[in-house]
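All residue numbers refer to positions in the sequence shown, counting from 1. Just so you know, these numbers use all the heavy atoms, side chains as well, and skip hydrogens, waters and symmetry mates.
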Amino acid sequence: MYIGVDCGTQSTKVVVVDVEQGMILAEASRAHRLDEGENGRREQAPTEWLTALKGAFFAALEKAGVAASQVRGIGVSGQQHGMVALDSEGEPVYPAKLWCDTETSAQNADLVARLGGEAGCLEKLGLVLQTGYTASKVAWLREKHPHAYQRIESLLLPHDYLNFWLTGERVTEAGDASGTGYFDTRKRCWQLDVFAEIAPELDPERVLPRVLEAHEPVGLVRPVVARELGLTDQVVVSSGGGDNMLGAIGTGNITPGLITLSLGTSGTVCAYSAVPVECDSAMVANFCSSTGGWLPLICTMNVTSATTRVRELFGLDLAAFGEKVVSAPIGAEGVTVLPFFNGERVPMLPDASADFLGLNSLNTTQANVCRAVVEGATFGLRYGLELLGDLTAGASQIRLIGGGANSPVWRQIVADITGTQVICPEITDAAALGAAIQAAWCDQHAHGVTLEALCEKLVHLDAQSLADPHPDHVAAYQPVYARYCAALEQRHGGN
C-alpha cells in the first residue's frame, strides 16, 4: 500500500493505492482556512496542513478498510511557490504566503529589474520571475517584517514542509524548486547569485534545502510521527514535488505528446519535455518535472476560484450553475468576462481586477454571466496553451484534472475551445495519485521498477468523461475567442 498526499490551497487530499492490484482503494480530504486581506494578501498557517493531512489520512484508510501498518511509502504533492520560513526550532516565523498572494508584486518587479529584466532572468534562471514565485515573498518578508526575516533558519516549500514534518529532513526536488525563482531550471541547482540579490543576509548553505533526484527518497517516517499515524518504522517518504509536477505523473504525462490541463482553483497547462525548453514568451515557465525531465508550464490564477465567486454571488449550487451554463449559447450573447479576481499571471497582470464586458438590457442574465465566466477562464488557458507553441501544437489529447473537470459541460467547452480531445483520469485529483505513484517508484527504484510501468498500471482513464471537439462548436468559438483577446488588449494593453 502507498499513500499519496496533495496539499492544495483549499484542502489536503489523501489517496490509498494498492500497487500490486493496480487499484486506487480510497480517497479523502479535509479543508483548509485561507486568510485573505487587502493588497492581494493570501496566507495559511502550516499547522492547518498538518491537521488536514492527519484527518484525511485516517479517513482514507478507514474507507479503504486497511490498517496503517500495511503502508510501505508516502508521497507528498504540494501547492507550488508557497514560502514556509522556519526558525531554529522548525517553527514558522510568519504564516505561509501562497502562490496566489499578489501582495509582493512591487518586490517582484524590483527583483526582475535588478536581475537585468526578462533577458537577465532567462539567462540566470531559465525563466522569468513572476509575482507568485517564492523569491518576491522572501524579499517582501525582508522588507516588511525584518525581525521575522532575521530568524529564518530554513526556507521550504509547502511539500518540503510536510516532508520535514514526516522525516525531519530539510530537502526538496528540482520540480518544486523550479518555482522558487532562485533555482537554475536548466542546470537543476540553486542559483546562489540570484539568492544573494533576494536575501543577502541569509547563508544559502544553511537555509536552502538539499536538492534530491526525483527517484531519491527523503528518508523514513520519524518514530514520533509513525506512532501518531500507526505506521511501521520502515515507511519510505518519496522526494515529492509541486502539485503540477505530481499531477503530470498522475495523468501519465511523462513522455512527449500529451497535455495536462488543470481546472483547479488556478489553471495550468503543461507538457513533458526531455530537454529544457526556451520559449519566446516570458510567461512560459521552464520548470523541471518530478521525473528527471522538464515540464514547461503556464499558470492562470482564476479558474474555479472565479466560477465559484459568480456561482455563490447568484446563490447557485454546482448542479444549478451547470444548468445555467448549458442554457446559454456559445459566446453568452455577447457577454465577455476577464475573470481576474486574483490578479493574473498569464497574461502578467498581478494588479488586475475582473471585468464583465458587453452587458446590455437584453443579455444580462444569470445564464449568460455563468457561461461567460466559464468561457473566460477557459480562454485564458487556451491563451496559455498557444504560448507553449510547438510543444503542444501536435498533441493528440488533453488529460483534464482539477475540480472543474468533474463538469461534463466544462469538459466539452474545453474540447471545443481548444479543438482537442479531452479525457479525465478516473481520479481527477491526479496530484495525490501522482504522489502515490512516485512513492512506489522511490521505494522500488532500486529493484528496477520504472515510473513508466507504474503509470501504465495505475493511471486509468475514465472513458465516460471523453469529450471530442464538435466541429461546429470549434468554428463558433473562433470569433468569441477573438473578442476575448480584443477585450484583453483594450482593457489591459494585451501584455
Report the relative orientation of the aromatic rings in [X] and [Y]; use parallel for angles under 30°, tilted for 30 to 60°, perpendicular for over 60°.
X: Y94; Y: H145; value: tilted
X: F341; Y: F356; value: perpendicular
X: Y484; Y: F379; value: tilted
X: F195; Y: Y182; value: perpendicular

message: Please evaluate residues R33 and D35 with respect to the criterion side-chain contact (heavy atoms from CB on, under 4.5 Å), reporting the C-alpha separation (whole Å), side-chain torsions for both, the decisive distance (0.1 Å), and the verdict.
response: CA-CA 6 Å; R33 185 181 72 252; D35 296 323; 3.3 Å; yes
Would you mind checking if [Y] and [X] are paired as a salt bridge, meaning a charged N to carboxylate O distance below 4.0 Å?
X: D184; Y: R188; answer: no
X: R142; Y: E201; answer: yes
X: E36; Y: R41; answer: no
X: E103; Y: R42; answer: no

Side chains of [X] and [Y]: donor-acceptor distance under 3.5 Å anywhere?
X: W99; Y: T134; answer: no
X: Q79; Y: Q44; answer: yes
X: Q107; Y: E143; answer: yes
X: N302; Y: E344; answer: yes
X: Q438; Y: Y2; answer: no
X: S77; Y: D243; answer: no
X: N244; Y: Q80; answer: yes
X: T251; Y: T260; answer: yes
X: S88; Y: E153; answer: no
X: T418; Y: R382; answer: no

If you compare all heavy atoms of [X] against all heavy atoms of [Y], which two are closest, and at what distance to 0.1 Å?
X: A432; Y: V15; answer: O-CG2, 3.5 Å
X: W49; Y: A96; answer: CH2-CB, 3.6 Å
X: T185; Y: L127; answer: CG2-CD2, 3.7 Å
X: A56; Y: A28; answer: O-CB, 3.6 Å
X: T336; Y: A487; answer: CG2-CB, 4.3 Å
X: V128; Y: A282; answer: CG2-CB, 3.4 Å

field: Residue pair K54, E228: steps toward the salt bridge (Lys or Arg N to Asp or Glu O under 4.0 Å) verdict
entry: CA-CA 9 Å; K54 287 181 274 190; E228 184 176 1; 3.0 Å; yes
Just by modelled atom types, is the [Y] backbone N or O under 3.5 Å from a matching donor or acceptor in the [X] side chain?
X: E123; Y: G120; value: no
X: H32; Y: P46; value: no
X: D160; Y: L157; value: yes
X: E173; Y: A214; value: no
X: T167; Y: N163; value: yes
X: R210; Y: T172; value: no
X: K124; Y: F183; value: no
X: T12; Y: A52; value: no
X: T131; Y: N108; value: no
X: S290; Y: G241; value: no

Heavy-atom side-chain contact between [X] and [Y] under 4.5 Å:
X: M83; Y: L141; result: yes
X: C455; Y: I254; result: yes
X: V236; Y: R72; result: no
X: P209; Y: L156; result: yes
X: I401; Y: L263; result: no
X: Y133; Y: T180; result: no
X: F57; Y: L229; result: yes
X: N342; Y: S305; result: yes

message: Please evaluate residues W410 and T307 with respect to the criterion side-chain hydrogen bond (donor to acceptor under 3.5 Å, both in side chains), reporting the C-alpha separation (whole Å), side-chain torsions for both, the decisive distance (0.1 Å), and the verdict.
response: CA-CA 11 Å; W410 206 339; T307 59; over 6 Å; no
field: E27: which of V14, I427, V16 passes side-chain contact (heavy atoms from CB on, under 4.5 Å)
entry: I427
query: When you look at CG of D390, are more than 12 heavy atoms from neighbouring residues, nucleotides or ligands closer to it than 6.0 Å?
result: no
message: If you count heavy atoms of other groups shown closer than 6.0 angstrom to CD of E386, is the number above 12?
response: yes
- prompt: Nearest 0.5 Å, what's the CG-CZ distance between L129 and R114?
  reply: 10.5 Å
- request: Test side-chain contact (heavy atoms from CB on, under 4.5 Å) on L388 and V269 and set out the steps.
  value: CA-CA 9 Å; L388 290 171; V269 181; 3.8 Å; yes
